[in-house]
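To start, the structure itself, in structure tokens.
The chains referred to below are lettered A, B, ... by the order of the sequence lines, with proteins before strands, and numbering in each begins at 1.
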Amino acid sequence: MRVGRIVEVEAYGGPQDRASHARAGPTARTSVMFGPPGHAYVYLVYGMHHCLNVVSGPPGAAGAVLVRAAEALEGQAAMVAARDVPAARRGPPARPPRRALIASGPGRLCAAFSIDRTLDRTDLCDPNGPLFLAPAAPDDRPPVVAWGPRIGIGYAGEPWSGLRWRLVDRSSVALSAPVEGDAAEQADETPGPGLGG
DNA sequence: AGTTGGATGGTCT
DNA sequence: GACCATCCAACTG
């Protein structure tokens with residue numbers, strides 16, 4: 001069994017969020033986002049990488065949380081093996097990824113956990129399912145939460161591209177990228193659904 | 001250490 | 001037909 005500790009996520013706000021796939025309303029691909037929370041929305045980006053989302057909010061809200069990075073806790077050998085299979089691996093060698101970076105990034109995370117579209121729409125709250133979203137262990141290291149702009153959504157324009165809806169555990173070495181503008185300056189900022197920026 | 005460009009295919013206009 | 005919620009190798013300095 002492969003187990004990871006999620007250390008980086010992004011929030012997507014539903015149809016009004018110009019960065020969300022829900023912006024076009026329910027389609028064959030995105031209709032799961034308009035359903036009940038706790039289910040997986042898995043899609044293919046750039047023709048070769050998968051991304052995992054957790055549907056959130058009440059049915060119809062089409063909120064989602066993109067899972068961007070995790071620290072490997074168990075089953076690391078399986079993760080390394082899974083990372084090594086990409087159907088289209090180009091170029092010559094391909095060295096084994098650094099352990100801390102095995103699931104560091106939305107595409108890497110899906111590769112490490114063998115998450116693809118066959119898991120689209122599955123119930124992530126079912127402990128007997130193929131993919132399970134578990135609460136943190138009681139003895140888990142407490143996260144040091146920081147927040148910054150979401151990654152790769154500049155096309156959405158303001159205010160969406162400026163919202164600090166990327167949440168990370170700053171103490172983790174598995175982040176896909178540093179938090180932009182992460183500094184003492186945000187000490188009195190608060191994350192959340194407001195359009196503050 | 002930082003930047004750049006190619007791979008690759010589903011989805012929506 | 002254009003556009004990606006990415007990753008990595010191959011550059012430059």
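E8(A) has its CD atom 11 Å from the C1' atom of dA5(C), to the nearest Å. As rounded to whole Å, 15 Å separates atom C1' of dC4(C) from atom NE2 of H50(A). Between R29(A) atom CZ and dG9(B) atom P the separation is 16 Å, expressed in whole Å. What separates OH of Y155(A) from C1' of dT6(C) is a distance of 13 Å, to the nearest Å. If you take CE of M48(A) and P of dT6(C), they are 13 Å apart, rounded to a whole angstrom. Between L52(A) atom CG and dT6(C) atom C1' the separation is 15 Å, expressed in whole Å. Atom OH in Y46(A) sits about 14 Å away from atom C1' in dG10(B), given to the nearest Å. Distance CZ (R18(A)) to C1' (dA5(C)): 15 Å, rounded to an integer number of Å.
Not a single donor-acceptor pair under 3.5 Å links the side chain of R150(A) to the backbone N or O of L163(A). No donor-acceptor distance shorter than 3.5 angstrom exists from the side chain of R121(A) to the backbone of H39(A), with no hydrogens or angles considered. Proximity of a side-chain donor or acceptor of D169(A) to a complementary backbone N or O of V145(A) within less than 3.5 Å is not detected. Judged by distance alone, with hydrogens and angles left aside, the side-chain atoms of E71(A) form no donor-acceptor pair with the main-chain N or O of V7(A) at under 3.5 Å.
Among the atoms of the strands shown, only primed sugar atoms or phosphate atoms (P, OP1, OP2) are found under 4.0 Å from some heavy atom of T27(A). Residue contacts shown for G107(A) are limited to sugar-phosphate atoms, with no base heavy atom under 4.0 Å away. Across all strands shown, I151(A) has heavy atoms under 4.0 Å from sugar-phosphate atoms exclusively, and none from any base. Among the atoms of the strands shown, none is found under 4.0 Å from any heavy atom of R150(A). Within 4.0 Å of R117(A), counting heavy atoms only, lie sugar-phosphate atoms of the nucleic acid but no base atom.
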- [ ] Would you sort out whether D140(A) and R5(A) count as a side chain to side chain contact (heavy atoms under 4.5 Å, CB included), showing the intermediate values?
- [x] CA-CA 9 Å; D140(A) 192 13; R5(A) 174 178 181 272; 3.0 Å; yes
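Across L109(A), V42(A), D120(A), a single residue satisfies side chain to side chain contact (heavy atoms under 4.5 Å, CB included) together with H50(A), and that is V42(A).
Applying the 4.0 Å criterion to OP1 and OP2 of dT11(B), one finds that H21(A) has every side-chain N and O outside that range. The shortest distance between the side-chain N/O atoms of R83(A) and the OP1/OP2 oxygens of dC8(C) is below 4.0 Å.
Of the listed nucleotides (dG10(B), dA5(C), dC8(C)), dC8(C) has the atom at the smallest distance from the side chain of R108(A). Closest to the R68(A) side chain, of the nucleotides dA5(C), dG9(B), dT11(B), is dA5(C).
Stacking of the aromatic ring of Y12(A) onto the base of dA5(C) is found: the ring centres lie under 5.5 Å apart and the planes are inclined by under 30°.
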Task: Secondary-structure string, 5' to 3', Watson-Crick or G-U under 3.5 Å, | for another-strand partners, for DNA chain B - done: |||||||.||||.
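At a threshold of 4.5 Å between side-chain heavy atoms, the hydrophobic network of Ile, Leu, Val, Met, Phe, Trp and Tyr places F113(A) and L73(A) in two separate groups.
The side-chain heavy atoms of N53(A) and Y43(A), taken from C-beta on, include a pair separated by under 4.5 Å.
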